[in-house]
Trainee: 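Sending over a structure as C-alpha cells; questions will come in a sec.
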Amino acid sequence: MNCEYIQELLVAYLDGEVTPSEKKTIQSHLSTCTVCQQEYNLLFTARDRVRATLQSRTVHASPQADAWNRLEARLTESAQTSSVRSTTKLSRLAPDVKQIFTQLFSGGVTMQKRSILATGVSILTLALVAVLVFNNVTAVSAEQILERASAAQTKIEAGQGIMHTLIEIYENPQAIEGTGTTVITEMYADPSAGYYRYIDMDVNSKVISISANDENYEYLMLETDTAIHRTPRIDEPEKSYIPVSVREESSVFEQFRASSHVELVGKEKRDGREVYILANRNFQTQQLPDGKEEKNYTGTVTMIFDAKTYELLESETTVYKNDQEIVIERVRFLTDEILPTGTVVDWSLGDLQDLSFIDNAPQTEEAEILPAPITREELAKHPDTFVLKNIPDGFTESIIAAPGQTDDQPFTYEINYDNASKENFGLLAIGLLDAGFVEMNFYDGSYKTSNGMVLYYSISRPENSSDGTSAILATPDGASFLLISTMSRQQVQMLVEGLVQLK
C-alpha cells in the first residue's frame, strides 16, 4: 500500500471524514506500517496540543474594538464568488423552476459573525497542524489548482472566435450498478453574431435533441420529436449574447475553492499525461436523541485536471449505496476550443442528415400570472404543505402562491420568514424532481432531521459562507423545496427541525 496515499488521508481519518472503504484500508495499513503509525501518532498529538493552545488563548482573548470590523471587511472581500447555474439538469426543468434556481445562486448578504469566527479558528488549527506535522509539503494545493483552472478557462472563453465544446455525459440517476445512459453533447456558439447550436447524440451519433438559432430562426427538437421545429425569430440576435454552456467552469471552480471539503487526492499518469485528482467527500449529519451528531458517508465528487494546462478533463459524482460506491454521473470534456472567426458552421442545421423540418408560427408572449398573498388557512387546504410550527421571535411569516393552480399537480407556493435585521428563511415548493437531480447538483453534504426530512446543501454557498445557505429540502413523502436563507447551516437546521405539515 502506498504510504503517501495513506498519510494524505490521515487528517480526514482523524476527523471521521473518510469513506467506509478508506477507513478499513487505513486501519489495515496502520496495523502493519510503523512509519505511518508514527506519522499518525505525531499528527494526533499535534492536533491535541493545538486544540488545547487555541482553547486556552480563546478564553483570555481580548480583541481590539475594531478587530471584528477589519476581519469582516477582509473576509467579505475574499469570499465573493461567481453565481452559477447548473444548466446540465436545469435545462430539463420548467421555465419557472429554472428562474427560481437562478435566483438561488445569487449572493450579497451580510455575513454572520459566529460562523466567520468558527471558520477562522478552523483554518488556524489546520495551518498550525500543517506546520507542526508535515515536512514534505505538496507542491500545489487543491485551492491553487482550482485557481489556475479558473484562470485557464477564463482565458479560453475570452478568446475571439467561435466557441466549440464536445462533452460526453454518462448518467445513472437511479444509482443501479450496470445501468445508465451516455450522451454526447456538441456546442458551437458565436457571441459576436448571437448564434449557437446544441446537439445531443447517443453513442452511435444518432441525434437525440437540438437547440439552435441563426439570424432568422430558432430551432428546437426534443427527445420526443421526430422533426426539427423551425420558428421565425421575433427579436434581433443579441450580439453580446453568450449561451449558457453545459458547464460554467469558472463559477464552479470558485465555489470549489470556497469549500473546506475539497482536497487534493494525488497526482498520477492517465492516458499518457499527468493529472491532478481533487475530491469533495460528502457526509450526512444526523442529530441523535442523546444530542450527539452522527456522520455517514454519502458519496464523492471528483475532478481531474491536466497537470500542465490545468484543463478540466473529467468529473465524476458517486453515491454510497448498499455498501458500495456507485457512479451516478461522469462527464468527460473531449474538446474545449475557440475556432477562428470565419470558421464555417451551418447554423441553420442543413448539414444534419435524415432530419426534416416543421415550420411553426411565431410565438406570442403570454400574459404573466403573478403570485398573490395567501393565509395559512388557505395553504392548509393543499397536501404536502409545510410551515414553521412556531414563528421565531421578531420574525414575520408571508406566503404567496400563483392563482388558478389545478388539483392534479403539486401545489406551488413560497413561504418566507423575515425580521428587522434582514435575516431570512425561505422555502419554495417545487414538487417532484427527476431521480438523481439532487445528488448530482446539491452535493456539499447533507443533514437529516429528527422527522425524516433531508437538507441537501449547494456548493454555491459553502459551509460558513457569508452569503448564508442554499439547499434542497426533501420530505419523507417525496415533496421537494428550494431553501434559501441568509442564515448559517446550523441555524437553518434548527429551523427545519421545527417544520410541520399542515395537511
Trainee: Using distance alone, with no hydrogens and no angle criterion, decide if Asn360 and His229 have a side-chain donor and acceptor under 3.5 Å apart.
Mentor: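 Yes, His229 and Asn360 have a side-chain donor paired with an acceptor closer than 3.5 Å.
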Trainee: With a 4.5 Å cut-off on side-chain heavy atoms, are Tyr310 and Ile145 touching?
Mentor: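 The answer is yes; the side chains approach within 4.5 Å.
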Trainee: With distance as the sole test, does Ser480 use its side chain to make a donor-acceptor pair with the main-chain N or O of Ile430 at under 3.5 Å?
Mentor: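 No, Ser480 side chain to Ile430 backbone: no donor-acceptor pair under 3.5 Å.
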Trainee: Counting heavy atoms not belonging to Asp407, are there more than 12 under 6.0 Å from its CG?
Mentor: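 Incorrect, the count does not exceed 12.
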Trainee: Is Asp306 reaching over with its side chain to a backbone N or O of Val275, donor-acceptor style, under 3.5 angstrom?
Mentor: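 Answer holds: no.
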Trainee: Does the side chain of Gln409 come under 3.5 Å of the side chain of Thr406 through a donor N or O and an acceptor N or O?
Mentor: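 Short answer, no.
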Trainee: Output all residues satisfying side chain to side chain contact (heavy atoms under 4.5 Å, CB included) with Ala402, sequence neighbours left out; order by chain, then residue number.
Mentor: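 Only Gln405 meet the side chain to side chain contact (heavy atoms under 4.5 Å, CB included) criterion with Ala402.
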Trainee: Identify the heavy atoms of Ser470 and Ser460 that sit nearest to each other, and give their distance.
Mentor: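 So the two residues come closest at OG-OG, 3.3 Å.
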Trainee: Roughly how far, to the nearest 0.5 Å, is CD1 of Ile162 from CD1 of Ile338?
Mentor: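 One gets 9.5 Å once the value is rounded to the nearest 0.5 Å.
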Trainee: State, yes or no, whether a side-chain contact exists between Tyr170 and Asn172 at a heavy-atom distance under 4.5 Å.
Mentor: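 Yes - at least one pair of side-chain heavy atoms lies under 4.5 Å apart.
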Trainee: Judged by atom type as modelled, is there a donor-acceptor pair below 3.5 Å linking the side chain of Gln144 to the main-chain atoms of Ser141?
Mentor: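 Yes: the side chain of Gln144 pairs with the backbone of Ser141.
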Trainee: Can a salt bridge be assigned to the pair Arg461 and Asp467 using a cut-off of 4.0 Å between side-chain N and carboxylate O?
Mentor: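 Salt bridge flag = no for Asp467 with Arg461.
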Trainee: Applying side chain to side chain contact (heavy atoms under 4.5 Å, CB included), can you list everything that pairs with Gln284, at least two apart in sequence or on another chain?
Mentor: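 Applying side chain to side chain contact (heavy atoms under 4.5 Å, CB included) to Gln284 gives Thr298, Ser446, Lys448, Val454.
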Trainee: Which heavy atom of Thr412 sits nearest a heavy atom of Ala429, and at what distance?
Mentor: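 The answer is CG2-O, 3.4 Å.
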Trainee: Evaluate the ring planes of Phe442 and Phe437, with Trp represented by its six-membered ring, and classify them as parallel (under 30°), tilted (30 to 60°) or perpendicular (over 60°).
Mentor: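 Correct class here is tilted.
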Trainee: Do His164 and Thr335 have side-chain heavy atoms sitting under 4.5 Å apart?
Mentor: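 A side-chain contact exists here, since the closest heavy-atom pair is under 4.5 Å.
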Trainee: Is any side-chain heavy atom of Glu177 less than 4.5 Å from a side-chain heavy atom of Gln324?
Mentor: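 Yes, side chains in contact.
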Trainee: Under the side chain to side chain contact (heavy atoms under 4.5 Å, CB included) rule, what do Leu10 and Ile26 come out as? Steps first, then yes or no, please.
Mentor: CA-CA 8 Å; Leu10 287 180; Ile26 293 169; 4.2 Å; yes
Trainee: Does any part of the side chain of Ser485, heavy atoms only, come nearer than 4.5 Å to the side chain of Glu423, both counted from C-beta?
Mentor: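 With C-beta onward as the side chain, the pair stays apart.
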Trainee: Please round to the nearest 0.5 Å and tell me the distance separating atom CG of Leu312 and atom CZ of Arg332.
Mentor: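 That separation rounds to 12.0 Å.
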Trainee: For the residue pair Leu455 and Val492, establish whether any side-chain heavy-atom pair is separated by less than 4.5 Å.
Mentor: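 They are in side-chain contact.
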Trainee: Do the non-hydrogen side-chain atoms of Leu264 and Ile277 ever get within less than 4.5 Å of each other?
Mentor: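 No, side chains not in contact.
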Trainee: For the side chain of Arg148 and the backbone of Glu311, is there at least one donor-acceptor N/O pair under 3.5 Å apart?
Mentor: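 Absent.
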Trainee: The test is side chain to side chain contact (heavy atoms under 4.5 Å, CB included); show your working for Ile184 and Ile167 and say whether it passes.
Mentor: CA-CA 6 Å; Ile184 311 295; Ile167 303 171; over 6 Å; no
Trainee: Yes or no on side-chain hydrogen bond (donor to acceptor under 3.5 Å, both in side chains) for Asp200 and Ser209, after CA distance, side-chain angles and deciding distance?
Mentor: CA-CA 5 Å; Asp200 289 341; Ser209 63; 3.0 Å; yes
Trainee: Might you point out which heavy atoms bring Leu278 and Ala142 nearest each other, and give the distance in Å?
Mentor: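 Closest approach of Leu278 to Ala142, heavy atoms only: CD2-O, 3.8 Å.
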Trainee: Just verifying a value: how many Å separate Ile328 CD1 and Glu316 CD, rounded to the nearest 0.5 Å?
Mentor: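 The distance works out to 10.0 Å.
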Trainee: How about Phe305 and Tyr276: are their ring centroids closer than 6.0 Å?
Mentor: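 Between Tyr276 and Phe305, which both carry aromatic rings, the centre distance is not below 6.0 Å.
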Trainee: Run the side-chain hydrogen bond (donor to acceptor under 3.5 Å, both in side chains) check on Tyr297 and Glu325 step by step: do they pass?
Mentor: CA-CA 10 Å; Tyr297 173 67; Glu325 200 99 13; 2.4 Å; yes
Trainee: Quick one: pull up CE in Met187 and OG1 in Thr185 and give me the separation to the nearest 0.5 Å.
Mentor: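 That separation rounds to 10.0 Å.
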Trainee: How close do Pro403 and Pro371 get, heavy atom to heavy atom, and via which atoms?
Mentor: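 Minimum heavy-atom separation between Pro403 and Pro371: CD-CA, 4.5 Å.
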Trainee: I'd like to know if the side chain of Asn204 and the backbone of Lys206 have a donor-acceptor N/O pair within less than 3.5 Å.
Mentor: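 Such a contact is absent between Asn204 side chain and Lys206 backbone.
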Trainee: Nearest 0.5 angstrom please: Asn441 CG to Leu433 CG, how far?
Mentor: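 Output value for this atom pair is 9.5 Å.
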Trainee: Out of curiosity, Phe481 CZ to Leu473 CG, how far, rounded to the nearest 0.5 Å?
Mentor: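 These two atoms lie 6.5 Å from each other.
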Trainee: Evaluate the criterion side chain to side chain contact (heavy atoms under 4.5 Å, CB included) for residue pair Tyr457 and Ile459; output intermediate values, then yes/no.
Mentor: CA-CA 7 Å; Tyr457 293 114; Ile459 198 171; over 6 Å; no
Trainee: Taking the side chain from Thr469 and the backbone from Met487, do they hold a donor-acceptor pair closer than 3.5 Å?
Mentor: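 Looks like yes, one N/O pair under 3.5 Å.
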Trainee: Using the rule given for salt bridge (charged side-chain N to carboxylate O under 4.0 Å, His left out), can you reason through Glu268 versus Arg270, listing the C-alpha separation, both sets of side-chain angles and the distance that settles it, and then say yes or no?
Mentor: CA-CA 7 Å; Glu268 62 182 53; Arg270 289 195 181 185; 2.7 Å; yes
Trainee: Are any of the side-chain heavy atoms of Tyr196 and Asn213 separated by less than 4.5 Å?
Mentor: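 SC-SC contact between Tyr196 and Asn213 confirmed.
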Trainee: Does any donor atom in the side chain of Asp336 or Thr165 lie under 3.5 Å from an acceptor atom in the other side chain?
Mentor: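 Distance-only check fails for Asp336 and Thr165.
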Trainee: Residues two or more places apart in sequence or in another chain: which of them pass side chain to side chain contact (heavy atoms under 4.5 Å, CB included) with Leu352?
Mentor: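 Leu352: side chain to side chain contact (heavy atoms under 4.5 Å, CB included) contacts with Arg197, Ile199, Ile210, Ile228, Leu349, Leu355.
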Trainee: Show the nearest heavy-atom pair for residues Ala212 and Trp347, with the distance to one decimal.
Mentor: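 Taking Ala212 first and Trp347 second, the nearest heavy atoms are CB-O, 4.5 Å.
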Trainee: Would you call the rings of Tyr217 and Tyr219 parallel, tilted or perpendicular, taking 30° and 60° as the class edges?
Mentor: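 Tilted: the ring planes of Tyr217 and Tyr219 meet at 30° to 60°.
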Trainee: What pairs with Glu274 under salt bridge (Lys or Arg N to Asp or Glu O under 4.0 Å), at least two apart in sequence or on another chain?
Mentor: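 Checked Glu274 against salt bridge (Lys or Arg N to Asp or Glu O under 4.0 Å); matches are Lys267.
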Trainee: Quick test of your reading: applying salt bridge (charged side-chain N to carboxylate O under 4.0 Å, His left out), list the pairs with at least one residue in residues 486-501, sequence neighbours left out, ordered by first then second residue.
Mentor: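 Found Asp444-Arg489.
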Trainee: Set out, in order, the CA-CA distance, both residues' side-chain angles and the distance that settles side chain to side chain contact (heavy atoms under 4.5 Å, CB included) for Asn282 and Val301, then state yes or no.
Mentor: CA-CA 8 Å; Asn282 302 300; Val301 178; 4.1 Å; yes
Trainee: Check for a donor-acceptor pair, side chain of Thr179 on one end and backbone N or O of Ile176 on the other, with a separation under 3.5 Å.
Mentor: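 Indeed, once roles are kept as given, a pair shorter than 3.5 Å links the two residues.
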Trainee: So does Asp271 have more than 12 non-hydrogen atoms from other groups sitting under 6.0 Å from CG?
Mentor: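 12 or below, so no.
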Trainee: Taking 4.0 angstrom as the limit, do Glu397 and Arg376 come out as a salt bridge?
Mentor: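 Arg376 and Glu397: salt-bridged.
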Trainee: Name the atoms and distances for all side-chain donor-acceptor pairs under 3.5 Å in residues 380-389, with sequence neighbours left out.
Mentor:
{"residue": "Asp384", "atom": "OD1", "partner": "Gln501", "partner atom": "NE2", "Å": "3.4"}
{"residue": "Thr385", "atom": "OG1", "partner": "Leu379", "partner atom": "O", "Å": "3.4"}
{"residue": "Thr385", "atom": "OG1", "partner": "His382", "partner atom": "O", "Å": "3.1"}

Trainee: Please give me the minimum heavy-atom distance between Thr317 and Glu439, naming the atom from each residue.
Mentor: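 Answer, listing the atom of Thr317 first, then Glu439: CG2-O, 3.8 Å.
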Trainee: Under the 3.5 angstrom rule, does the side chain of Thr486 hit a backbone N or O of Asn424 as a donor-acceptor pair?
Mentor: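 Judged by distance alone, yes, a pair lies under 3.5 Å.
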